[in-house]
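Below you'll find the structure, written out as structure tokens, and then a few comments.
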Amino acid sequence: MSPTPPPSVRRVACIGAGVIGGGWVAHFLARGYDVTAWDPAPDAEDKLRRLVTAAWPALEQLGLAEGASPSRLTMAPTLDEAVADAEFVQESAPEKLELKRDLLAQLDAATPPGVVIASSTSGYPMTDMQTAAATPGRLVVGHPFNPPYLIPLVEVAGGERTDRTAVEWAAEFYEAAGKSVITMDRELPGFIANRLQEALWREALHMVANGEATVEDIDTSITEGPGLRWAFMGPMLTFALAGGEGGMAHMLDHFGPSLKSPWTRLEAPELDRALRDAVVDGCDRAADGRTYAQLVAERDQGVIDVLRATGRLDGPAR
Ligand SMILES: NC(=O)C1=CN([C@@H]2O[C@H](COP(=O)(O)OP(=O)(O)OC[C@H]3O[C@@H](n4cnc5c(N)ncnc54)[C@H](O)[C@@H]3O)[C@@H](O)[C@H]2O)C=CC1
Ligand SMILES: C[N+](C)(C)CC(=O)CC(=O)[O-]
């Protein structure tokens, strides 16, 4: 597929440099890549450099690759220049299907032949995004988690017109770039992790809409409850333990029948103005005066502490 074997890639292009594109830039810089970014917003470069500066202390704690430096970031004046030398392209433009379709077609036309182009989309199937591209075989989904410079997971999937070799190349590249990869052999709505998160999110919105729980109750229920276990043991094995020595078999036989009732009532709530405002107000109260930058620093340190505590990071505690 790509002219460069995944572990030999040195030059990466990041298209769209907001929350996620900027997070990818920080990740690739920390891993020692030369990164070229492009974003049409007039203030994009300032914002991007601020994001990288804010992320760098966390990245130093994780351990930088030899030669890694924010100075290896170049802001390209045009999309064509951004991808002209790229050995891999990560697209992180807004989640709008038409925009992604056009942009991926433009990227396909401008990127050297065979170079894999991945989209950060959090839900569109590649089949729907690759329709306008002349060589759709190299287009894949590479779905990250916020912030991409700290959360290891990337979900990789192709569309109907993607070459399997492009999916395999992307998975190998992300591994070489220090990510933890799940490769899907088919297109799933919401991939795997977002499909799970969306089920939880739908129920959270129901509870806020019905006045059954506050935004704070919902966050506390996860951070003081299941979230503590999920950092190192997934929901399947966690629930196998709920069956005691009888394991998952006993858990399903015991609790399965009572789980049927909540399953049958799950439907998406109407995300109307009142619900939107209730969630926004609740999040403002939960932030309790902390700025966005303070919350990002707190989250970054929290993720690093969890990675270290669960043996996924070497080195002394802060
Ligand atoms: N925010 C999140 O937690 C996550 C988002 N994603 C995905 O990442 C992608 C980007 O989302 P965010 O970074 O959150 O959005 P964002 O709004 O923070 O950033 C989008 C950036 O794209 C730029 N942009 C606008 N038009 C563009 C174009 N035609 N070409 C290139 N760039 C353009 C904007 O100027 C902006 O800087 C979306 O596909 C989203 O679904 C994936 C995982 C998590
Ligand atoms: C909110 N979101 C759906 C865009 C989130 C993601 O796609 C992944 C994440 O970071 O949780």
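Every number for a ligand or one of its atoms is a count from 1 in the order of the listing.
Looking at Arg202 and Glu198, no side-chain N of the basic residue comes within less than 4.0 Å of a carboxylate O on the acidic one, giving no salt bridge. Checked for salt-bridge contact, Lys100 and Glu91 meet the test: a charged N lies under 4.0 Å from a carboxylate O. Between Arg273 and Asp277 a salt bridge is recorded (basic side-chain N to carboxylate O distance below 4.0 Å).
Ligand 2 lies within reach of His143, whose nearest heavy atom is under 4.0 Å from it.
There is no side-chain donor-acceptor pair under 3.5 Å between Glu160 and Gln130.
Ranking the protein heavy atoms by distance from atom 9 (C) of ligand 2 puts Phe145 CD2, 3.4 Å first. If you check which protein heavy atom lies closest to atom 4 (C) of ligand 2, you get Ser122 OG, 3.7 Å. Protein heavy atom nearest atom 10 (O) of ligand 2, with residue, atom name and distance: Asn146 N, 2.9 Å.
A cation-pi geometry, defined here as NZ or CZ lying under 6.0 Å from the six-membered ring centre and within 45° of its normal, does not hold between Arg11 and Tyr33.
Counting the atoms of ligand 2 from 1 in the order shown, those under 4.0 Å from a heavy atom of Gln197 are 8 (C), 9 (C), 11 (O). Close approach of ligand 2 to Asn194 (heavy-atom distance below 4.0 Å) involves ligand atoms 3 (C), 6 (C), 7 (O), 8 (C).
Within the 4.0 angstrom cut-off, atom 6 (C) of ligand 2 has one or more protein heavy-atom neighbours.
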May I have the N/O to N/O pairs between ligand 1 and the protein that fall below 3.5 Å, each with atom names and distance to one decimal?
residue, atom, partner, partner atom, Å
ligand 1, 13 (O), Val19, N, 3.3
ligand 1, 13 (O), Ile20, N, 2.9
ligand 1, 18 (O), Val19, N, 3.0
ligand 1, 35 (O), Asp39, OD1, 2.7
ligand 1, 35 (O), Asp39, OD2, 3.4
ligand 1, 37 (O), Asp39, OD2, 2.5
ligand 1, 39 (O), Ala93, O, 3.3
ligand 1, 39 (O), Glu95, OE1, 2.6
ligand 1, 39 (O), Lys100, NZ, 2.6
ligand 1, 41 (O), Glu95, OE1, 2.8
ligand 1, 41 (O), Ser122, N, 3.2
ligand 1, 41 (O), Ser122, OG, 2.6

What pairs of donor and acceptor atoms, side-chain ones from residues 62-84 against any protein atom, are under 3.5 angstrom apart with sequence neighbours left out?
residue, atom, partner, partner atom, Å
Ser69, OG, Ser71, N, 2.9
Ser69, OG, Ser71, OG, 2.7
Arg72, NE, Asp34, OD1, 2.8
Arg72, NH1, Gly32, O, 3.2
Arg72, NH1, Gly67, O, 2.9
Arg72, NH2, Gly32, O, 2.8
Arg72, NH2, Asp34, OD1, 3.4
Thr78, OG1, Glu81, N, 3.0
Thr78, OG1, Glu81, OE1, 2.7

Step by step, would you call Thr127 with Arg161 a side-chain hydrogen bond (donor to acceptor under 3.5 Å, both in side chains)? CA-CA 7 Å; Thr127 297; Arg161 299 172 69 203; over 6 Å; no
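For Tyr124, there are no ring-ring contact (aromatic ring centres under 6.0 Å, His included) partners, not counting sequence neighbours. Qualifying ring-ring contact (aromatic ring centres under 6.0 Å, His included) partners for Phe191, counting only residues two or more places apart in sequence or in other chains: His143.
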